[in-house]
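To start, the structure under review is shown below, and the notes come after it.
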Protein chains: 2
Amino acid sequence: MAAKKDTHKRDTYTPDSLLTVAVRVFNERGYDGTSMEHLSQAAGISKSSIYHHVRGKEELLRRAISRALDGLFSTLEEPGAREGRAIDRLEYVTRRTTEVLMSELPYVTLLLRVRGNTATERWAMARRREFDQRVAELLKQASADGDLRPDVDVRLATRLLFGMINSLVEWYRPARAGRDGNAASDEVADAVVRTAFAGLRT
Amino acid sequence: MAAKKDTHKRDTYTPDSLLTVAVRVFNERGYDGTSMEHLSQAAGISKSSIYHHVRGKEELLRRAISRALDGLFSTLEEPGAREGRAIDRLEYVTRRTTEVLMSELPYVTLLLRVRGNTATERWAMARRREFDQRVAELLKQASADGDLRPDVDVRLATRLLFGMINSLVEWYRPARAGRDGNAASDEVADAVVRTAFAGLRT
DNA sequence: GTCTATATTACGATAGAC
DNA sequence: GTCTATCGTAATATAGAC
């Protein structure tokens with residue numbers, strides 16, 4: 001109990017620890033509905049102190065969204081997303097995307113809610129469309145392989161699948177130790193995959 | 001071609017015609033990201049003129065959200081939602097909710113995005129929870145009737161079902177006359193019902 | 001019903017002391 | 001690294017002329 005990393009509560013902020021606070025407030029009030037004054041109160045330091053750690057409000061948004069995008073795109077590089085039949089790769093990506101949504105919940109929530117009012121937000125939307133496109137290609141391939149029900153419209157199915165997955169940010173809350181208010185993370189991923197693929201697979 | 005209602009373009013605003021413009025901008029920029037200046041530019045009149053028609057920005061939000069809630073709750077009063085087995089009533093409500101989302105798209109979109117920063121927004125969230133609760137009861141009853149797959153968690157299924165339906169506001173755009181960029185409204189409703197109930201029904 | 005002008009407050013960001 | 005004080009701008013809303 002001597003060194004600097006030993007203290008239980010942080011006595012000064014780093015850009016990252018400040019980000020944790022900011023992202024929570026952004027999600028509670030919406031990005032545009034959050035002022036620097038709101039952030040300073042939540043962090044327990046003055047407005048001007050925040051500017052010592054980050055260049056401004058938009059940098060906090062950019063950092064948060066980057067983290068979300070990194071998590072999502074990295075799943076596409078995993079073996080399960082790159083090897084095997086398209087339908088199986090799609091199921092793998094569906095499961096992993098669901099898991100990333102839950103593990104990086106506040107960051108992905110922010111990503112899914114941007115409206116495109118600033119350059120940062122428009123960049124986020126473009127990157128997100130890229131990701132959606134990659135998954136849509138898997139669905140298209142699975143359809144060509146004959147592994148999707150013939151009455152399924154691929155374009156529509158892609159959107160309903162993402163709709164179901166992305167809706168997690170509206171209700172999923174991580175389980176706290178001891179008290180389990182919510183389904184466990186792997187149960188949720190199972191349910192999403194099962195529900196979605198019941199309507200898709202041949 | 002003489003009377004006042006004959007003109008193709010409105011030369012003055014009513015609260016309702018102003019609402020149409022405001023709701024479009026709210027959805028493009030987000031409610032908090034929209035200023036009265038933005039609204040005045042979109043409407044082609046000055047800021048102060050807007051105050052002649054409505055008390056302020058929040059009244060526009062309240063009017064829009066009321067319209068969305070009226071549409072949603074009215075489906076629960078229709079015969080198909082009140083008679084028959086719970087699973088069939090659930091399917092009916094799912095279809096009709098999907099249809100209302102599409103026919104009242106900009107209004108429902110706004111409803112689904114409020115964050116609770118003002119009294120109006122908190123009222124909207126409470127009413128929306130009421131609606132969700134009513135549908136959740138149908139799912140619960142269908143489960144008790146033995147009409148749901150035994151491995152389906154009712155709480156989770158409710159959320160995934162709403163997630164799929166509500167995600168429509170993120171991508172559905174009404175078809176324009178002549179050029180059909182999107183699936184027709186009844187095709188979408190069919191797909192939603194089919195995809196969702198494939199994972200639910202026994 | 002719409003306008004210009006303006007009151008008042010809130011916001012993002014900076015300066016400079018400690 | 002954090003603070004108080006403040007700048008310049010943009011926000012909601014009102015007053016009063018036409």
Which side-chain N or O atoms in residues 123-143 of chain A pair as donor and acceptor under 3.5 Å with protein atoms at least two apart or in another chain?
residue	atom	partner	partner atom	Å
Arg127(A)	NH1	Glu130(A)	OE1	3.4
Gln141(A)	NE2	Asp145(A)	OD1	3.0

Could you give the distance from OG1 (Thr109(A)) to CD (Glu28(A)), rounded to the nearest 0.5 Å?
-> 12.0 Å
Are OP1 or OP2 of dC3(C) and a side-chain N or O of His52(B) less than 4.0 angstrom apart?
-> no
Is the closest side-chain donor-acceptor distance between His52(A) and Ser49(A) under 3.5 Å?
-> no
Spacing between Ile45(B) atom CD1 and dG1(C) atom P, to the nearest angstrom = 11 Å
With the side chain counted from C-beta on, respond yes when Leu39(A) and Val21(A) share a heavy-atom pair under 4.5 Å apart, and no when they do not.
-> no
Reading 5' to 3' through nucleotides 8-18 of chain C, protein heavy-atom contacts under 4.0 Å coded B for base, S for sugar-phosphate only, - for none | ---SBBBB---
Ignoring backbone atoms, establish whether Thr12(B) has a side-chain N or O less than 4.0 Å from OP1 or OP2 of dG1(C).
-> no
When rounded to whole Å, the CD to P distance for the pair Glu59(B) and dA13(D) reads 11 Å
Phosphate contact (dC3(D) OP1 or OP2) by Ser49(A) side-chain N/O below 4.0 Å = yes
With a 4.5 Å heavy-atom cut-off, do Asp16(A) and Arg63(A) have their side chains touching?
-> yes
Pairwise side chain to side chain donor-acceptor pair (under 3.5 Å) hits with a residue in residues 66-80 of chain B, at least two apart | Arg67(B)-Glu104(B), Arg67(B)-Tyr107(B), Glu77(B)-Arg82(B), Glu78(B)-Tyr92(B), Glu78(B)-Arg96(B)
Quick one: is dT2(D) close enough that its OP1 or OP2 comes under 4.0 Å of any side-chain N or O from Ser46(A)?
-> no
